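Keep in mind that this is a model prediction, so the values were computed, not measured.
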Amino acid sequence: ADSVLTTSSSKKKKKKKGATVRGGLSLGTELWVLLRREAYLVSRDTSSLVSRLVVNSFIFTLTGLSYRGNGHRDWADELALQTQFGALTLISIASLAAVATAVLLNTAGQRPMFLNEFRAGTYSVPAFVTAKLLVESVVLAVQVDVTLLITSLLVTFRGSFLKLATCTWLLGLAASSTAFFFGAIAPDAKTAVELYPMVFAPQYLFSGFFVAIDDMPPILRWARFCCAFKYALNLAVLDEFQESNCRLESDDPDLAAWNCKNLKAANDVSQNNASRDIAVLISIFLVFRCLGALSLARSAQTA
């Protein structure tokens with residue numbers, strides 16, 4: 001893959017039917033070669049990948065043990081219901097942190113290589129960004145499935161495993177795009193680490209979990225639309241605490257269902273807003289990924 005890119009970069013840019021073809025390669029060829037290289041880099045650096053899975057599995061195992069068997073408790077007891085909600089929240093937080101950290105450092109680490117290769121005309125920004133995204137998506141899916149399987153077996157969630165995994169995967173994609181943007185604007189890995197709080201602090205602050213959105217100054221409320229955590233958690237809560245699930249294993253099904261209804265109302269979670277939540281997650285993913293790509297291109301052109 002590197003030999004193809006090196007050969008292409010030695011050629012001058014040629015104009016073909018009004019379009020500029022960087023290095024003589026089509027976008028499809030650039031994407032295919034970069035995909036192979038990204039996959040090779042991941043397979044070569046197995047120690048980092050294994051460490052990432054082991055560390056995350058350890059964290060999720062601790063979380064699962066802390067809430068072990070809570071899904072079998074009677075949710076007519078409001079404390080048991082709040083504990084289940086707490087488990088779901090912690091899992092979402094841990095998933096967001098695990099994904100964004102790796103992407104932030106990886107992007108900042110590869111930035112100098114990208115700048116050199118882009119200035120040499122080796123490939124285009126869309127090919128580079130898309131190749132990284134596709135490989136990240138596969139690694140993220142594996143990570144989500146492994147860690148959620150461990151936690152689900154311990155905590156016993158009542159919702160669909162597939163839906164919870166999909167919500168967590170969407171959260172991971174949105175978080176990775178946010179981290180990609182900050183990694184793209186950071187000149188080096190050290191600066192990227194210093195930008196770390198910028199990725200996470202707003203997610204928690206504007207989630208509505210710690211401070212109700214309505215209690216915040218109106219001038220700050222718009223920021224929640226930039227934070228994926230709240231919307232992914234909304235979708236997970238809708239599935240986990242639907243009425244049929246709340247009535248399970250309860251001596252007072254009506255009270256359990258009422259508690260679930262109050263929980264969702266208190267956290268501004270509604271089935272009517274599910275489409276909005278999905279749309280916001282996808283928008284965050286696309287906007288920050290595009291901003292990161294533009295930042296990389298601008299850096300290469302002005303350096």
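Rounding to the nearest 0.5 angstrom, the gap separating the CG atom in L104 from the OG atom in S176 is 11.5 Å. We find the OG-CG distance between S295 and L291 to be 8.5 Å, quoted to the nearest 0.5 Å. In this structure, the separation between CD1 on I185 and OG on S299 is 9.0 Å, given to the nearest 0.5 Å. Here the NZ-CZ distance, from K264 to F241, works out to 9.0 Å after rounding to the nearest 0.5 Å. Rounding to the nearest 0.5 angstrom, the gap separating the CG atom in L233 from the SG atom in C167 is 9.5 Å. Here CG of L140 is found 9.5 Å from CG of L170. Values are rounded to the nearest 0.5 Å.
Pairs engaging residues 247-287 under the disulfide (SG to SG under 2.5 Å) rule: C246-C260 [sequence neighbours left out]. For the ring-ring contact (aromatic ring centres under 6.0 Å, His included) condition, the pairs that include at least one residue of residues 245-301, sequence neighbours left out, are F181-F288. Sorted by first then second residue, the salt bridge (charged side-chain N to carboxylate O under 4.0 Å, His left out) pairs that include residues 155-164, not counting sequence neighbours, are K163-D239. Among residue pairs with one or both ends in residues 274-289, those qualifying as salt bridge (charged side-chain N to carboxylate O under 4.0 Å, His left out) are E136-R289; sequence neighbours excluded. Pairs of residues two or more places apart, or lying in two chains, never qualify as salt bridge (charged side-chain N to carboxylate O under 4.0 Å, His left out) while including a residue from residues 95-112. Counting only residues at least two apart or in different chains, salt bridge (charged side-chain N to carboxylate O under 4.0 Å, His left out) contacts with residues 70-95 comprise R73-D77.
The environment of CG in L79 is crowded: more than 12 heavy-atom neighbours from other residues, nucleotides or ligands sit within 6.0 Å.
For F114, the ring pair (Phe, Tyr, Trp, His ring centres under 6.0 Å) criterion is met by F118, F128, not counting sequence neighbours. Applying the ring pair (Phe, Tyr, Trp, His ring centres under 6.0 Å) criterion to F180, with sequence neighbours excluded, gives no partner residue. Remark: D145 pairs with no residue by the side-chain hydrogen bond (donor to acceptor under 3.5 Å, both in side chains) rule, at least two apart or across chains.
Hydrophobic clustering (side-chain heavy atoms under 4.5 Å, transitive across Ile, Leu, Val, Met, Phe, Trp, Tyr) keeps I150 apart from W169. Cluster annotation: F182 and L286 are assigned to the same hydrophobic cluster (Ile/Leu/Val/Met/Phe/Trp/Tyr, side-chain heavy-atom contacts under 4.5 Å, transitive). Hydrophobic clustering places F161 together with L88 (ILVMFWY residues linked when any side-chain heavy atoms are closer than 4.5 Å, directly or through intermediates). The cluster map of Ile, Leu, Val, Met, Phe, Trp and Tyr, joined by side-chain heavy atoms under 4.5 Å apart, puts V138 and V129 in different clusters. V144 is not connected to L154 by any chain of hydrophobic side-chain contacts under 4.5 Å among Ile, Leu, Val, Met, Phe, Trp and Tyr, and they are in different clusters.
Across all non-hydrogen atoms, the minimal contact from L171 to S92 is CD2-O, 3.5 Å. Among all heavy-atom pairs drawn from T107 and A184, the shortest one is CG2-N, 3.7 Å. Here the closest heavy-atom approach between residue C227 and residue Y231 is recorded as O-CD1, 3.2 Å. Nearest heavy atoms, S124 versus E30: OG-OE1, 2.9 Å. Annotation for L148 and A165: closest pair CD1-CA, 3.5 Å, computed over non-hydrogen atoms. Between L34 and A131 the shortest heavy-atom distance is CB-CB, 3.7 Å.
The side-chain heavy atoms of Y123 and V33, taken from C-beta on, include no pair separated by under 4.5 Å. Residues L235 and L281 are in side-chain contact: their nearest non-hydrogen atoms beyond the backbone lie under 4.5 Å apart. For the pair K132/N106, a side-chain contact is recorded, criterion being any heavy-atom separation below 4.5 Å from C-beta on. Within the 4.5 Å cutoff, the side chain of S137 has heavy atoms near those of the L173 side chain.
In the hydrophobic clustering, where aliphatic and aromatic side chains (Ile, Leu, Val, Met, Phe, Trp, Tyr) are joined below 4.5 Å either directly or transitively, L134 groups with L31, L35, V42, L49, V135, V139. When hydrophobic side chains of Ile, Leu, Val, Met, Phe, Trp and Tyr are connected at separations under 4.5 Å, L162 ends up as a singleton with no cluster partners.
In this structure, N70 contributes its side chain and V155 its backbone to no donor-acceptor pair below 3.5 Å. At distances below 3.5 Å, not a single donor-acceptor pair connects side-chain atoms of N234 with backbone N or O atoms of S270. Put simply, the side chain of T156 never gets that close to the backbone of G71: no donor and acceptor are under 3.5 Å apart. The backbone N or O of L149 sits nowhere less than 3.5 Å from a side-chain atom of S152 that would complete a donor-acceptor pair.
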Donor-acceptor pairs under 3.5 angstrom involving side-chain atoms of residues 55-66: please list them, not counting sequence neighbours.
residue : atom : partner : partner atom : Å
N56     : ND2  : R52     : O            : 2.8
S57     : OG   : L53     : O            : 2.6
T61     : OG1  : S57     : O            : 2.6
T63     : OG1  : I59     : O            : 3.0
S66     : OG   : L62     : O            : 2.8

For this session: Determine, stepwise, if the pair L263 / W75 fulfils side chain to side chain contact (heavy atoms under 4.5 Å, CB included).
Result: CA-CA 11 Å; L263 173 71; W75 289 355; over 6 Å; no
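The closest side-chain donor-acceptor pair between Q84 and Y67, if any, does not fall under 3.5 angstrom.
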